[in-house]
A.B. asks: 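Structure below; questions to follow.
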Amino acid sequence: MPLPAALLATACNAPAAETPGVTVAQGTLESGGGMVVSAYPHASRAGAEVLRAGGNAVDAAIATGFALAVTHPAAGNIGGGGFMVIRFPDGSSTVMDFREKAPLRAHPEMFLDESGEYSYRIHHRSHLAVGVPGTVAGFAQAHEKYGSAAWTGLVEPAVALARDGFEVSERLAGSLAGRLEAFRDYPATFAQFFRDGEPYAPGDTLVQADLAATLERIRDHGRDGFYAGETARLLAEEMERGGGWITEEDLARYQAVEREPVRGTYRGYDIISMAPPSSGGTALVEMLNVLEGFDVAAMGANSPAHAHHLIEAMRRAFRDRAAHLADPDFSDVPVARLTSKAYAAEIRATIKADAASVSDPDDVAGAPGWESSETTHYSVVDADGLAVSVTYTLEGGYGSYITVPGAGFLLNNEMGDFNARPGLTTDRGLIGTEPNLARPEQRMLSSMTPTILARDGELVAVVGSPGGRTIINTVLQIVVNVVDFGMSPADAVAAKRLHHQWLPDAARLEDGYMSEDDAAVLTAMGHQISWSGRQGIAHCIFTGEGGVLVGVPDPRDSDGTAAGY
Ligand code: GLY
């Protein structure tokens, strides 16, 4: 039931800004109405204003996503793809898959150079690294099926932000300034994000006129404003110019897909998460099932025992990820088995209480390497309890670095999420397993894990994060923090995290995860550990006391913002 529109902004990093009826806070925000938490203030505000005007959470998610394409160019996008998990007030759920696809000309050996050697540059930073974008098709399909407000009103806030400009934050200014040299090789990108060749300063206004024109075409023509006509022509021309393979035919053929979510349970909580072609939901449920058989609460948060059991569950789920996970339209992915309690019991029996296992690369034909951490997650809940969890991406920060000239949007480099080459395995973590090789119109494997938690028919939380393969483990640890350790929403998100992905056989702990003495206990068990500055940016919403919505921007992101009414 919607509560009175009482609002309380707490723990703010910056003063709350007011627009009529909508409160925006760069800290935890409580709201009796609707709530959006995303990676940029203007985007959260755009979504919350749609909610306040009577739109539902799907409408608000679309408005937020388009606004992020303007204000968060490192990961917000119309030139990339992603996933949307939706839980309806009656407890039913669905997912929208708008992951990019390989173009029609793709083949498993497309990332080899003229001498037949695997080329990282071709795989990750070339026109061949660009997948057929899915975001606009995904938003259009979600709107057609589940939206309630007029489409034009969901795109218009983004049009205005691109056309009139928006205030550059300190973090965005720093991020763009750091690309000064890298973007020089990409003239359209350099022109869009530098003014007279100089970086924008915090507080400057960034105007993106070509992007505004593209968004106007999307506003006026829906998916055809992107996949046909002027936008498609400009994109195909840039591909031809740069040696890429995406044609107007590829764009016209692209379709988003509605799929069944991956569902599981953890100590009485319902887990609703993303299905393949993401590995996220499957690996998350597999790991939770494994942990369910241990008394995690008794171990204590971030203790050596807790860390050890997390790492051992991660090791096994990521090995299965490498062996089995891929686009379900191209291979049989054994989701039911991997997410079954019986399989988890088999896995659990292989975990020793106080000694690390060893990851064996011969276990499958390849091993996954570390992955880029640029993606973005946002969460939306409306006053009726409709909940939407969206993670979408360009893959690397600013994707391929290629802006479509005249159209003003960055293209993804998502083809890098396909395996590099058939059979290629290196101890640095390249993978050559069959299911996730590039093929015409196949979707590349993802780790994105937009997730929703419920219990006894009530919404508990909307969760997700950027971070490549760390995403799955970030979401896992937030769930465990809530369920096993009873942490408050803010503590569950702020708590330090760790990551292990089978290979390389080493755990990466956020600085401050545990004391040096505890780390010594972990290494004495046989774990290799290293320390990292930050893992993930989980912009989440929880249901708090009395049903109030608690928006929690991850404190790891200075631009993370909750907006509600
Ligand atoms: N590109 C990040 C992911 O899909 O997992």
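As the structure lists them, so they are numbered: ligands from 1, and atoms in each ligand from 1. Because only heavy atoms are used, hydrogens play no part in the values below, and waters and symmetry mates are left out as well, while side chains stay in.
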A.B. asks: Mark up the atoms of ligand 1 that fall under 4.0 Å of a heavy atom belonging to E395, in ascending order.
C.D. replies: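 Contacts of ligand 1 toward E395, numbered from 1: 1 (N), 2 (C).
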A.B. asks: Would you say T375 and ligand 1 have an N/O pair spaced under 3.5 Å apart?
C.D. replies: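 N/O-N/O distance under 3.5 Å: no.
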A.B. asks: Check ligand 1 against M448 and write out every atom of the ligand that is under 4.0 Å from a heavy-atom position of the residue.
C.D. replies: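 Matching atoms, with element in brackets: 3 (C), 4 (O), 5 (O).
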A.B. asks: With heavy atoms under 4.0 Å as the rule, classify the contact between R99 and ligand 1 as side chain, backbone, both or neither.
C.D. replies: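 The answer is the side chain.
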A.B. asks: If we count only N and O atoms by modelled type, under 3.5 Å, do the side chains of R263 and S93 hold a donor and an acceptor together?
C.D. replies: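 Per modelled atom types, R263 and S93 side chains form a pair under 3.5 Å.
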A.B. asks: When you look at M444 and R99, which way does the side chain to side chain contact (heavy atoms under 4.5 Å, CB included) test go after all the steps?
C.D. replies: CA-CA 8 Å; M444 57 293 287; R99 183 69 162 166; 3.5 Å; yes
A.B. asks: Parallel under 30°, tilted from 30 to 60°, perpendicular over 60°: which one fits the rings of F226 and F409?
C.D. replies: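 It falls in the tilted class, 30° to 60°.
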A.B. asks: Less than 6.0 angstrom from the centroid, inside 45 degrees of the normal: does R321 satisfy that with respect to the ring of F318?
C.D. replies: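 No, cation not above the ring by the 6.0 Å, 45° rule.
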A.B. asks: Does E414 have a heavy atom less than 4.0 Å from any atom of ligand 1?
C.D. replies: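 Yes; E414 lies near enough to ligand 1 that a heavy-atom distance drops under 4.0 Å.
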A.B. asks: What atoms in ligand 1 come closer than 4.0 Å to a heavy atom of D417?
C.D. replies: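 Once the distances to D417 are compared, the set is 1 (N), 2 (C), 3 (C), 4 (O).
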A.B. asks: Check ligand 1 against S446 and write out every atom of the ligand that is under 4.0 Å from a heavy-atom position of the residue.
C.D. replies: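 Result: 3 (C), 4 (O), 5 (O).
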A.B. asks: Side-chain contact test, heavy atoms from C-beta onward, threshold under 4.5 Å: evaluate it for Q208 versus F193 and give yes or no.
C.D. replies: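 Q208 vs F193: side chains touch.
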A.B. asks: Aromatic ring centroids of F139 and F66 under 6.0 Å?
C.D. replies: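 Ring centroids of F139 and F66 are less than 6.0 Å from each other.
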